[in-house]
Amino acid sequence: MDDFSSPDFNLSALEAAAALVYDAMPATPQYAWPTLADAVGADVWVKHENHTPTGAFKVRGGITFMHWLRQAHPQCRGVVTATRGNHGQSQARAAAACGLSATIVVPRGNAREKNEAMRAFGATLLEYGDDFDEARQEAAGIAATEDLFLVPPFHPALVTGVASYALELFRAVDRIDALYVPIGCGSGICGVIAARDALGLDTEIVGVVSDAAPAASRAFHSGKAESTDSAHTFADGMAVRAVVPEALAIYRRGASRVMEVSDDEVAEAMRMYFRCTHNVAEGAGAAPLAGLMQERERQRGRRVAVILCGGNVDTDIFRTVLSGATPTP
């Protein structure tokens with residue numbers, strides 16, 4: 001599974017990964033919310049990955065990655081990785097279950113409550129750099145000097161686990177015309193594409209990024225591994241300056257388009273989730289709904305789905321959002 005050029009995403013591989021996931025957690029629900037349908041003018045289904053044991057979809061990939069790691073590198077004594085929070089919680093939880101240490105590097109000023117959650121799952125937390133990309137470079141250095149396995153932000157073993165949420169959604173809801181999914185480093189959208197293709201469906205996959213971190217949308221159009229000078233969005237799950245080339249190769253081939261949303265649109269989508277469903281969505285979790293609202297005329301009368309990929313938003317940020325304002329990154 002180290003071969004990115006031809007990852008094994010057939011249905012048997014995805015179902016085997018899903019079985020590993022279900023040994024550690026239950027499936028999450030998907031609901032059609034009538035108030036969202038009224039707002040959008042379409043049949044809207046929400047996949048509630050905010051209901052996982054870590055409050056985000058990343059937990060699935062952590063389970064399957066750690067299984068792969070124990071088989072491929074049985075002498076490994078610990079892992080190190082970089083994150084803005086959800087990936088780190090996933091790896092810390094999965095590493096602890098396998099008796100491994102987890103060192104997590106986050107940028108300075110990272111979400112306080114996400115940091116607390118990672119420590120609670122047993123991680124050693126280090127702060128370094130001004131953003132995810134600088135933290136990622138530091139994690140690579142720690143891996144080399146401390147003999148820890150560097151967990152990348154994107155890997156086939158992560159994608160097969162993440163794809164389990166898409167299998168659940170596609171099997172529970174018939175004939176989804178379009179599905180909106182956020183893009184950070186790409187495991188989420190690649191998992192969705194893998195599941196759709198393995199099931200032989202024709203659902204349109206729409207990637208959503210922040211207009212303050214638009215590397216993925218630029219790369220989708222150019223076909224090149226684009227990067228930006230900054231990624232200043234309060235939606236930290238999408239605050240990535242550089243695309244992962246292996247992920248780009250998958251979503252450029254399998255997505256219909258990648259669109260950009262503003263922080264104001266994300267904040268309004270977070271308010272809409274709370275108002276219409278009383279669910280808490282973090283910024284990246286609300287981005288797909290923000291994308292759908294931007295394209296509601298295009299999707300009117302169709303059956304659409306959005307991935308609420310996580311609900312891990314700090315209290316102060318959510319208070320600002322509910323007050324009607326947009327947080328400053």
Side-chain angles (χ1 to χ4, degrees), residues 7-15 17-18 21 27-34 36-37 39-51 57 60-61 156 158-184 186-209 216-217 220-221 238 247-261 269 273 281 284-310:
D8 187 5
F9 293 153
N10 61 56
L11 186 57
S12 294
L14 298 188
E15 288 180 333
V21 170
T28 60
Q30 43 278 313
Y31 297 129
W33 296 94
L36 285 181
V40 177
D43 181 14
V44 181
W45 286 80
V46 179
K47 182 57 174 172
H48 282 283
E49 289 298 281
N50 58 319
H51 292 185
F57 80 103
R60 298 172 183 263
L158 293 171
V159 175
T160 55
V162 167
S164 60
Y165 81 66
L167 288 178
E168 294 165 15
L169 175 63
F170 287 133
R171 284 171 164 164
V173 184
D174 291 334
R175 302 181 310 280
I176 298 173
D177 295 308
L179 172 60
Y180 289 75
V181 57
I183 302 176
S187 64
I189 192 170
C190 291
V192 167
I193 291 168
R196 178 202 61 185
D197 293 351
L199 292 171
L201 304 176
D202 59 3
T203 301
E204 175 186 44
I205 306 299
V206 183
V208 183
V209 299
S217 64
F220 183 84
H221 292 293
M238 301 187 296
L248 172 63
I250 294 172
Y251 60 75
R252 191 163 190 265
R253 182 179 67 249
S256 296
R257 60 189 175 279
V258 176
M259 61 181 300
E260 299 176 13
V261 294
Y273 265 130
L289 180 58
L292 173 57
M293 290 302 295
Q294 190 183 114
E295 294 191 341
R296 59 185 177 274
E297 290 304 318
R298 181 176 190 153
Q299 301 297 354
R300 187 170 297 278
R302 305 179 82 203
R303 173 170 289 177
V304 294
V306 289
I307 307 303
L308 202 176
C309 66

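Keep in mind the model is a prediction, meaning the values are calculated, not measured.
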Rounded distance [0.5 Å steps], SG in Cys190 versus CD1 in Ile205: 11.0 Å
message: Quick check: closest heavy atoms across Met293 and Val40, and the distance to 0.1 Å?
response: SD-CG2, 3.5 Å
- prompt: With Arg296, which residues qualify under salt bridge (charged side-chain N to carboxylate O under 4.0 Å, His left out), at least two apart?
  reply: none
task: Going by the side chain to side chain donor-acceptor pair (under 3.5 Å) test, name the single residue among Arg300, Gln299, Gln294 that passes it with Glu297.
output: Arg300
Leu179 side chain reached by Trp45 side chain, heavy atoms, under 4.5 Å: no
query: Given the rule in the side chain to side chain contact (heavy atoms under 4.5 Å, CB included) test, do Trp33 and Val44 qualify, once you have shown the distances and angles that lead to the verdict?
result: CA-CA 7 Å; Trp33 296 94; Val44 181; over 6 Å; no
- line: Correct closest heavy-atom pair for Pro29 and His51 would be CG-ND1, 3.5 Å
query: Distance from Arg302 atom CZ to Glu204 atom CD, nearest 0.5 Å?
result: 5.5 Å
task: Could you please spell out the steps behind the side chain to side chain contact (heavy atoms under 4.5 Å, CB included) verdict for Val306 and Tyr273?
output: CA-CA 11 Å; Val306 289; Tyr273 265 130; 3.3 Å; yes
message: So which atom in Pro288 and which in Val208 form the shortest heavy-atom distance, rounded to 0.1 Å?
response: CA-CG2, 4.1 Å
task: Indicate yes or no: at least one non-hydrogen side-chain atom of Cys309 is less than 4.5 angstrom from one of Tyr165.
output: no
- request: Spell out, as yes or no, whether a donor-acceptor pair under 3.5 Å connects the side chain of Arg303 to the backbone of Val173.
  value: no
- prompt: How far does OG1 of Thr28 sit from CD of Glu49, to the nearest 0.5 angstrom?
  reply: 3.5 Å
- prompt: Can you name the closest pair of heavy atoms from Leu289 and Ala269 and give their distance?
  reply: CD2-O, 3.8 Å
task: Could you grab the distance from atom CD1 of Ile176 to atom OG1 of Thr203, nearest 0.5 Å is fine?
output: 5.5 Å
- line: Between the CZ atom in Arg60 and the OG1 atom in Thr160, the distance rounded to the nearest 0.5 Å is 12.0 Å
- request: Find the distance between CG (Asn10) and OG (Ser12) and round it off to the nearest 0.5 Å.
  value: 5.0 Å
message: Ring-plane angle category for Phe220 and Tyr251, please: parallel below 30°, perpendicular beyond 60°, tilted otherwise.
response: parallel
